[in-house]
Every structure is written in structure tokens, then in C-alpha cells.
Number of protein chains: 2
Amino acid sequence: MPETIDIQLKKGVLGLCVLAVLARNESYAYEIASHLSDAIGMGEGTIYPLMRRMQTDGLVATYMVESPAGPSRKYYKLTDAGRAALEAQRDEWRGFASAVDALLEPLPATPAPLEEA
Amino acid sequence: MPETIDIQLKKGVLGLCVLAVLARNESYAYEIASHLSDAIGMGEGTIYPLMRRMQTDGLVATYMVESPAGPSRKYYKLTDAGRAALEAQRDEWRGFASAVDALLEPLPATPAPLEEA
DNA sequence: ATATATACCTTGCATCAACAGGTAGCTTGT
DNA sequence: ACAAGCTACCTGTTGATGCAAGGTATATAT
């Protein structure tokens, strides 16, 4: 993977990635950001507006946990709506990605048409 | 694939799709639009600003062809820069899509850790 | 008191897909 | 001659989202 991914490619995908990360384990924003920074090069500061939006949309719920070092951490977990959104968006992503992959495949070489008798 | 794809998912991807379509055959905008409308639900009117941008970026060259019905058609073909962009963007897309797919895979169940003796 | 690391957050900006609204040419039918 | 339908093209405005600059705050170590 190149060092940086075009910002536009990530549009609309980050929310799905957050849902997928939270489906594995409950997590706090800074940790999710670190995860997604490693996986797909997402900027750290991107996570907070995104988590706020997802909370507003009812896809996640939050709770605070004391940290062993530094300030308290705001943990996130999926709601039922979040799980439903994950399924729907995963299917949508897979359909879309498959369609794009199909476009990117070169067509098999077609034999030259036979000359008319 | 659901009836409609989230607009945000298409951000940044349409140019790559156009390059891929033109790698197969030279084509005119309306036809490219029809192709991409079928493949990934792109709106017809979206094609013209996109083709203009790609032409400005030197990725495509154009020529006019009389049409058997209706007005003349503006055909597009890839330039050398366009072919290079196709390769680079295809690699970028594949790396990105693979990374997203990896995030979407559920982790294998991990065995419970053994209790300490 | 200061430095460092962790953790959180808001806001303005850039970019691009959508699409409304439009022009124009050709064919066919009246 | 005109209207309708189809093909083909095009621009400007809008809206959504990722980015990143800039900031606050807490805990630990020195």
C-alpha cells in the first residue's frame, strides 16, 4: 500500500471501519484512531467528529473509564442500531468494491470476428 | 448490490473507473456514463465535470466523431499519463480495499487463556 | 514548575459527486 | 413547418465528509 491513501477514497468508509473495530472490542476514540491510522492512514484528529456523528446517529453508546496514565478515556460500544448499520454498510461496501474490481479487470481477449463467406 | 450506493463511497473512485473503462475501449462521455450508471450507479450528469477535470489533468485526449443519430460525440482516449495514473490508482484502490476488507473480517475466536498454576 | 505523553475536542477548509437546469442536433411523425 | 422524442453535451450550486490546525486537560516524571 502506498504511503498515503487519497483522502477521497476514505470518504464514507471510515464509519464502517469504526463499526467493524467496535464489533471486535469496545474501545476508546484515541485507540480506534490509532488502529485506523495503522490500517488505512486515517488522521488522528478525524476520529472525534466522526465518533460524535455516530453517537448522534445512535450507532454507538459511551462510558468513561479511568486511565492508568493520562486523562480518563471515553469508551464506545455498538448499539443495536450500530450492529444493524454494520451489516448493511458491510454488504454495501462489498457490493460496491466488487463492482469496482470488476471494472478494473481487463476483459479477456476476444477472438477476431470471422470474415463473411 | 443495494439499489443505491452511498454517494460518499464513490468519492475518489469514479476517475479510476473511467480510466479502466477507457483502457478497454475509447468511448464518448454519454456512453461512459451509461456504463458507470449500470456498474455502480453513477448519475449521468456527473460524467462531464469529471471528464473535463481528467482532460485538464492530461489523463485523456479527445476527438469528435459524427453520430448516426443525434449530435456529434466527443470521444476520449487515455494518454500515457492516463495509463500511468490507471496503474497507480488501481494499486492504491486494491491496497485500500484489501485493508478495509481485513478490518471487516471477524477475528478468529481466541482460546481462553490458561489459568496460572 | 516544567516537560512529556496520553486523551480529548472544535472549527474552517478543500474536494468531489450529485443534480437541477439548460443547450443543441438529428430523426420521425403530423 | 413544427412538435415530439431521443441522443449528447454542459455548467454552477449544493451538501457531505476527511483533514488538520489549533486548542484544552490530566497524569507522571524530573
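Within every chain, numbering begins at 1; the chains are lettered A, B, ... in the order of the sequence lines, protein sequences first and strands thereafter.
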Are more than 12 heavy atoms from other residues, nucleotides or ligands located less than 6.0 Å from atom CZ of A/Arg83?
yes

Of B/Tyr63, B/Tyr28, B/Tyr30, which is the lone residue that meets side-chain contact (heavy atoms from CB on, under 4.5 Å) with B/Arg73?
B/Tyr28

Between A/Lys74 and A/Tyr76, is a side chain to side chain contact (heavy atoms under 4.5 Å, CB included) present by the stated rule, with each step listed?
CA-CA 7 Å; A/Lys74 188 173 181 180; A/Tyr76 294 86; 3.6 Å; yes

End axis versus end axis in the helix from C/dA1-D/dT30 to C/dT30-D/dA1, the angle rounded to 10°, five pairs used at each terminus
10°

Atom pair distance, as rounded to whole Å: CD in B/Glu66 and C1' in C/dT27:
15 Å

Residues A/Glu87, A/Arg94: salt bridge by 4.0 Å N-O rule
no

Considering non-hydrogen atoms only, spot the tightest contact between B/Ala97 and A/Trp93 and give its length.
CA-CZ2, 3.8 Å

Check: A/Leu59 main-chain N/O paired with A/Thr79 side-chain donor or acceptor under 3.5 Å:
yes

Answer yes or no: does a side-chain N or O of A/Ser67 lie under 4.0 Å from OP1 or OP2 of C/dA7?
yes

Is there a continuous path of hydrophobic side-chain contacts, each under 4.5 Å between heavy atoms, that joins B/Val60 to B/Tyr48?
yes

Between B/Ser72 and A/Pro71, whichever has its closest DNA chain D nucleotide further toward 5' is B/Ser72

With a 6.0 Å cut-off (strictly less than), is the heavy-atom count around CZ of B/Arg24, excluding the residue itself, greater than 12?
yes

If we ignore hydrogens and angles and just use 3.5 Å, is the side chain of B/Ser37 paired with the main-chain N or O of B/Ala33 as donor and acceptor?
no

Just the atom pairs and distances: protein N or O near nucleotides 10-21 of chain C's N or O, under 3.5 Å.
| unit_1 | atom_1 | unit_2 | atom_2 | d |
| --- | --- | --- | --- | --- |
| C/dT10 | OP1 | A/Arg52 | NH2 | 3.2 |
| C/dT10 | OP2 | A/Arg52 | NE | 3.1 |
| C/dC16 | O2 | B/Lys11 | NZ | 2.0 |
| C/dA17 | OP1 | B/Gly12 | N | 3.1 |
| C/dA17 | OP2 | B/Arg53 | NH2 | 2.7 |
| C/dA18 | OP1 | B/Lys10 | NZ | 2.7 |
| C/dA18 | OP2 | B/Thr46 | OG1 | 2.9 |
| C/dC19 | N4 | B/Gly45 | O | 3.4 |

Say whether, by atom type as modelled, one donor and one acceptor occur between the side chain of A/Asp6 and the main chain of A/Gln8 under 3.5 angstrom.
yes

Taking heavy atoms of chain B and a 4.0 Å limit, find me the 5'-most and 3'-most nucleotide of DNA chain D within that range.
D/dT7 to D/dT17

